[in-house]
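What follows is one structure encoded as structure tokens, with my remarks underneath.
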Number of protein chains: 2
Amino acid sequence: MVEILQLISKLQDYLRVNGLKTTKQRQIILEVFLEMDRHVTLDELLLAAQKVYPNLGMATIYRTMRLFVEASIAHERKFDGGITRYEPANEGEHHDHLICTLCGHIFEFEDEIIEERQESIATLYGLSITDHKLEIYGTCITPDSCEFRGN
Amino acid sequence: MVEILQLISKLQDYLRVNGLKTTKQRQIILEVFLEMDRHVTLDELLLAAQKVYPNLGMATIYRTMRLFVEASIAHERKFDGGITRYEPANEGEHHDHLICTLCGHIFEFEDEIIEERQESIATLYGLSITDHKLEIYGTCITPDSCEFRGN
DNA sequence: GTAAGTGCAAAGCCTTTGCAAGAGG
DNA sequence: CCTCTTGCAAAGGCTTTGCACTTAC
């Protein structure tokens with residue numbers, strides 16, 4: 001839970017430095033965001049936040065999540081299907097995703113070898129990497145890990 | 001240009017097998033699609049097709065490109081920025097993309113090592129891969145390959 | 001008090017769809 | 001002919017924006 005405190009103070013810093021304000025809505029959205037599963041959608045965030053603060057509007061969710069991305073406490077992910085999802089941005093880590101197209105489960109992984117290959121390839125083409133995205137889509141073959149198949 | 005003929009006959013087969021029709025619009029869109037740069041957008045296709053057939057509507061472009069994807073002669077790519085692009089689908093090949101965020105240039109590459117690692121990772125998590133997507137974003141460091149920097 | 005933030009509704013994109021008219025097999 | 005297609009315009013999603021009101025500092 002140390003990471004959570006880090007994210008909270010990171011946001012505080014960002015707000016202070018940029019002359020922005022700590023509002024009730026931002027606090028609630030942050031709490032809800034950190035408590036929920038990783039890879040939440042804006043709809044899910046809205047529903048959860050409205051349980052605490054019913055008047056909260058979708059526009060505020062959009063604006064707040066954009067703020068969180070700018071403050072580097074959240075990452076935006078657009079997987080196939082066009083739904084945008086957000087995940088907490090933990091300290092300098094980078095990971096990629098495996099997505100089960102049956103149950104929708106999203107696994108995260110890190111792979112040093114792939115990262116290195118990417119660097120080599122980028123160098124070969126004369127590019128300096130700023131970001132990358134690797135998504136593997138597949139179907140669970142072990143029932144135990146696939147919610148869709150009756151667990 | 002052998003691939004082009006392959007794609008044309010692949011489409012013919014698909015139409016025949018499914019009881020669909022060869023229309024002037026489909027022929028024009030296919031020609032334009034194959035002549036244009038890889039990774040075209042629907043707007044670009046519309047403009048180009050309208051030079052040959054002014055009445056052609058955007059809905060037809062959408063429906064036709066969806067048809068091409070179903071017939072496996074085109075692949076749909078959604079890079080960052082939310083613009084959907086299409087590229088001709090050549091025979092069983094798979095490649096990934098390097099994208100320069102300055103000039104917009106898109107490079108294609110294939111990497112056996114990365115493909116293998118992906119298989120291993122999927123197996124580790126109990127998934128059977130159906131598809132994957134690897135996009136590396138960066139900035140050109142060699143002026144010669146970056147249109148944005150004055151070539 | 002003043003600038004920033006919020007909620008609502010309206011407007012913007014891109015994409016899909018319903019429908020009457022048109023064209024291919 | 002009979003079905004598939006087309007073009008247009010309308011409708012759908014998701015996301016952004018304008019504006020008057022409210023709140024934090």
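Heavy atoms only: backbone and side chains are in, while hydrogens, waters and symmetry mates are out. Just so we're on the same page: letters track the sequence lines, and every chain starts at 1.
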Item to check | side-chain contact (heavy atoms from CB on, under 4.5 Å) evaluation trace for A:Ile29 with A:Thr60 | outcome: CA-CA 9 Å; A:Ile29 295 171; A:Thr60 300; 4.1 Å; yes
Checklist entry - How is B:Ile83 classified with respect to the nucleic acid when contacts are heavy atoms under 4.0 Å: base, sugar-phosphate, or nothing? => result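 The residue B:Ile83 makes no contact with any strand.
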Item to check | Candidate list A:Lys133, A:Glu135, A:Glu115, A:Glu110, test side chain to side chain contact (heavy atoms under 4.5 Å, CB included), partner A:Asp96, passing option | outcome: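 Exactly one option meets the side chain to side chain contact (heavy atoms under 4.5 Å, CB included) with A:Asp96, and it is A:Glu115.
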Whole-Å gap separating [atom2] ([N]) and [atom1] ([X]):
| X | N | atom1 | atom2 | answer |
| --- | --- | --- | --- | --- |
| B:Arg26 | D:dG7 | CZ | P | 11 Å |
| A:Gln50 | C:dT6 | CD | P | 14 Å |
| B:Asp43 | C:dC14 | CG | C1' | 9 Å |
| A:Met58 | D:dG13 | CE | P | 13 Å |
| A:Tyr14 | C:dA4 | OH | P | 13 Å |
| A:Leu30 | C:dG5 | CG | P | 15 Å |
| A:Ile61 | C:dG5 | CD1 | C1' | 14 Å |
| B:Lys78 | C:dT15 | NZ | P | 6 Å |

Checklist entry - Of A:Tyr62 and B:Tyr53, whose nearest nucleotide on DNA chain D comes first from the 5' end? => result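 This one resolves to B:Tyr53.
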Report the distance from atom [atom1] of [X] to atom [atom2] of [Y], rounding to the nearest 0.5 Å.
| X | Y | atom1 | atom2 | answer |
| --- | --- | --- | --- | --- |
| A:Ile73 | A:Gln12 | CD1 | CD | 9.5 Å |
| A:Met58 | A:Asp43 | CE | CG | 4.0 Å |
| A:Ile8 | A:Leu34 | CD1 | CG | 6.0 Å |

For [N], does either OP1 or OP2 sit under 4.0 Å from a side-chain N or O belonging to [X]?
| X | N | result |
| --- | --- | --- |
| A:Thr60 | C:dG7 | yes |
| A:Thr84 | D:dT15 | yes |
| B:Gln25 | C:dA23 | no |

Checklist entry - What string of B, S and - do you get for nucleotides 18-25 of chain D 5' to 3' if you count protein non-hydrogen atoms under 4.0 Å? => result B-----BS
Checklist entry - Taking all atoms of both residues into account, what is the closest heavy-atom pair of B:Leu98 and A:Ala122, and its distance? => result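 Residues B:Leu98 and A:Ala122, closest heavy atoms: CD2-CA, 4.0 Å.
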Checklist entry - Do NZ/NE/NH1/NH2 and the carboxylate oxygens of B:Lys10 and B:Asp13 come within less than 4.0 Å? => result no
